[in-house]
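Data first, discussion second: the structure below is written as structure tokens.
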Amino acid sequence: MAKPRSSSSAPSEGATLFESVPPSPAVLASRPLPDRLRPASLGEVIGQEHLLGEGGPLRRIADGEAPRSMIFWGPPGTGKTTVARLMAKGAGAHFEQISAIFSGVADLRKVFDAAKDRQRFGQGTILFVDEIHRFNRSQQDSFLPFVEDGTIILIGATTENPSFELNGALLSRAKVLVFRRLTDENIGQLLARAESVLGKTLPLTADARAALIGMADGDGRTALNLTEDVFAIGRDPSQHIDAPELTEIVQRRAPLYDKNRDGHYDLISALHKAVRGSDPDAALYWFCRMIDGGEAPLYLARRMVRMAVEDIGLADHNALVQAIAAKDAYDFLGSPEGELALAQCVVYLATAPKSNAAYKAYGAAMRYAKESGSLPPPKHILNAPTKLMKSEGYGAGYVYDHETDEGVSGQNYFPDGLERAEFYRPRGRGYEVRIEERLRAWAEIRRDVARRGGR
């Protein structure tokens, strides 16, 4: 990419990356609060210390390292767009912003053509693509030649895992930087900055201020929008708003949760792991996070059935019964009463003894079945409804288990010539303690039969 030339919009000589000339007070007053407080220098960026702090990848660019194509991955309101703008200003490059939601191939072609024209005159282009994961594979491929020849420096922003959503070819040409959700302390700093810029204090009790920070859910833009909502009511600063009134004034934003993307899979994974880890409190927390985010309760019911058979199994043979009962209770009651049955099941599963012995046995048996081919069952355990089948030895020597003293004959049920395998190995937890005792006794019977030369 050609060295960017200076322009009237570039910072003055001596300015470093992430520094720019602040807008006039008149212009500031007419803009939304998040835009008014948009950082104009590296020192004003709140959060992302791992990227912007000393030695961080963006700090190195500020110190003179040439900018390169990057993918900014992180939740909304964490500064992805702002940092990209500051990169362009610091480099004296033209900043072009598009959204993958509203742009197509024709729009991209115009952007690339314009970038080529600027390149001929010595000015580079930083192309910021918001929601880049929304572009399909072919559209993502269209960036490759222009990234490779330096026509553009691509900065893609995504809230989804780039490993799953972006082409490998594009990822190999861009450095992925992870933006973290803002901490409560970061949000508090934003509120303090807003109060300083506006010259007034939020009329909130301590509990209400904490509630507002919680409502922001790590999103700086949301925090400032909520702040603007509070100031807009014109409340006398001496009459503080408490937490319940704040909720009525601003309404709580929907939690950050997309039922079809990363948030969905991350939270169900957290719920499953908490149940497996026998932590009912954490399991209930993740269950409620998903319900609060609008997850379909029956999806959660299906997953609990899976947990019952995968992680509890026969250690508590009632776990599957409880999971199915919770699903039926939800079907019968509907919302919101039905969610209580599901929550009760979450607690039951989390507090049940755990064993994945049956789950592992299934996988091992499936592998053995595939490896052993199409061997027939041994003839002694097959029925012989015809004379021909009897003459061929079908059913010959079969021992009816119920007629033995122990109720177990100990005969072979694997194909002739196939080595006996042990798939199910109880964990010695819960009900599997009793199962393990039975299996040991039955194994001894089989050994006795084998020593006597029986089937």
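For the numbers below, each heavy atom of this structure counts, side chains included, while hydrogens, waters and symmetry mates do not.
Side-chain contact between Phe143 and Ile152 is present, with heavy atoms from C-beta onward closer than 4.5 Å. Between Pro34 and Asn225, some side-chain heavy-atom pair lies under the 4.5 Å cut-off. Side-chain contact between Leu204 and Leu246 is present, with heavy atoms from C-beta onward closer than 4.5 Å. Considering only heavy atoms from C-beta on, Phe102 stays 4.5 Å or farther from Arg134 through its side chain. Trp286 is not listed as a side-chain neighbour of Met290, based on a closest heavy-atom distance of 4.5 Å or more. Counting heavy atoms from C-beta outward, Leu340 and Leu333 have side chains that stay 4.5 Å or more apart. With a 4.5 Å cut-off on side-chain heavy atoms, Thr159 and Pro76 count as touching. Residues Val111 and Phe146 are not in side-chain contact: their nearest non-hydrogen atoms beyond the backbone lie 4.5 Å or more apart.
Note on ring orientation: taking the six-membered ring where Trp is involved, the planes of Phe414 and Tyr368 are perpendicular (angle over 60°, cut-offs 30° and 60°). The aromatic rings of His317 and Tyr431 lie tilted to each other, with the angle between the two planes from 30° to 60°.
A salt bridge is absent between Asp279 and Lys273: the closest approach of a Lys/Arg side-chain nitrogen to an acidic carboxylate oxygen does not fall below 4.0 angstrom. The residues Glu195 and Arg209 are annotated as salt-bridged, a charged nitrogen and a carboxylate oxygen being separated by less than 4.0 angstrom. Salt bridge status for Asp113 with Arg109: absent, with no side-chain N to carboxylate O gap under 4.0 Å. At a threshold of 4.0 Å, the pair Glu295-Arg303 does not count as salt-bridged, since none of the basic side-chain nitrogens sits closer than that to a carboxylate oxygen.
Pro67 and Ile153 get closest at one heavy-atom pair: O-CD1, 3.5 Å. Here the closest heavy-atom approach between residue Leu271 and residue Ala283 is recorded as CD1-O, 3.2 Å. Minimum interatomic distance between Asp311 and Arg276 (heavy atoms only, all atoms of both residues): OD1-NE, 2.6 Å. Closest of all the heavy-atom pairs between Leu224 and Leu190 is CD2-O, 4.0 Å. When all heavy atoms of Ala319 and Tyr348 are compared, the pair lying nearest together is CA-CE2, 3.9 Å. Scanning both residues, Arg181 and Thr78, for their nearest heavy atoms gives CA-CG2, 3.7 Å.
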* Hey, mind stepping through Thr82 and Arg38 against side chain to side chain donor-acceptor pair (under 3.5 Å) and telling me if it holds? -> CA-CA 7 Å; Thr82 294; Arg38 192 180 292 276; 2.8 Å; yes
task = Would you please test Thr205 and Asp207 for side chain to side chain donor-acceptor pair (under 3.5 Å) and show each step?
result = CA-CA 5 Å; Thr205 64; Asp207 287 345; 5.5 Å; no
### Task
Verify side chain to side chain donor-acceptor pair (under 3.5 Å) between Glu432 and Tyr424, making sure each step is shown before the conclusion.
CA-CA 11 Å; Glu432 283 195 327; Tyr424 177 56; 2.6 Å; yes
Between Phe423 and Tyr362, does the side-chain contact (heavy atoms from CB on, under 4.5 Å) criterion hold? Intermediate values first, please.
CA-CA 7 Å; Phe423 305 125; Tyr362 169 75; over 6 Å; no
Please report the C-alpha distance between Leu298 and Lys327 in whole Å, then the side-chain angles of each, then the deciding distance to 0.1 Å, and finally whether the side-chain contact (heavy atoms from CB on, under 4.5 Å) criterion is met.
CA-CA 7 Å; Leu298 285 178; Lys327 176 263 180 190; 4.2 Å; yes
I would like to know whether Leu202 and Phe231 meet side-chain contact (heavy atoms from CB on, under 4.5 Å); could you show each step before the answer?
CA-CA 7 Å; Leu202 280 166; Phe231 279 133; 3.7 Å; yes
Would you please test His272 and Met307 for side-chain contact (heavy atoms from CB on, under 4.5 Å) and show each step? CA-CA 7 Å; His272 196 148; Met307 296 172 202; 3.7 Å; yes
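With hydrogens and angles ignored, the 3.5 Å screen pairs no side-chain donor or acceptor of His240 with any backbone N or O of Ala208. Panel note: side chain Asn136, backbone Ser138; a donor-acceptor pair is recorded below 3.5 Å. In this structure a side-chain-to-backbone donor-acceptor pair under 3.5 Å is present from Arg193 to Glu44. Checking side-chain atoms of Asp316 against main-chain N and O of Pro353 turns up no donor-acceptor pair under 3.5 Å. Formation of a donor-acceptor pair under 3.5 Å by the Thr125 side chain with backbone atoms of Leu127 is not found in this model. Proximity of a side-chain donor or acceptor of Glu228 to a complementary backbone N or O of Leu33 within less than 3.5 Å is detected. Panel note: side chain Lys175, backbone Arg68; no donor-acceptor pair is recorded below 3.5 Å.
With values rounded to the nearest 0.5 angstrom, Leu171 atom CG is found 8.0 Å from Gln140 atom CD. The distance from atom OG1 of Thr81 to atom CG of Leu86, rounded to the nearest 0.5 Å, is 11.0 Å. Put simply, CZ on Arg289 and CG on Leu284 are 14.0 Å apart, with the number rounded to the nearest 0.5 Å. With rounding to the nearest 0.5 angstrom, the NZ atom of Lys354 is 5.0 Å from the CD1 atom of Ile312. With values rounded to the nearest 0.5 angstrom, Arg173 atom CZ is found 4.0 Å from Glu148 atom CD.
The one candidate from Leu182, Ile187, Thr183 that meets the side-chain contact (heavy atoms from CB on, under 4.5 Å) condition with Ile213 is Ile187.
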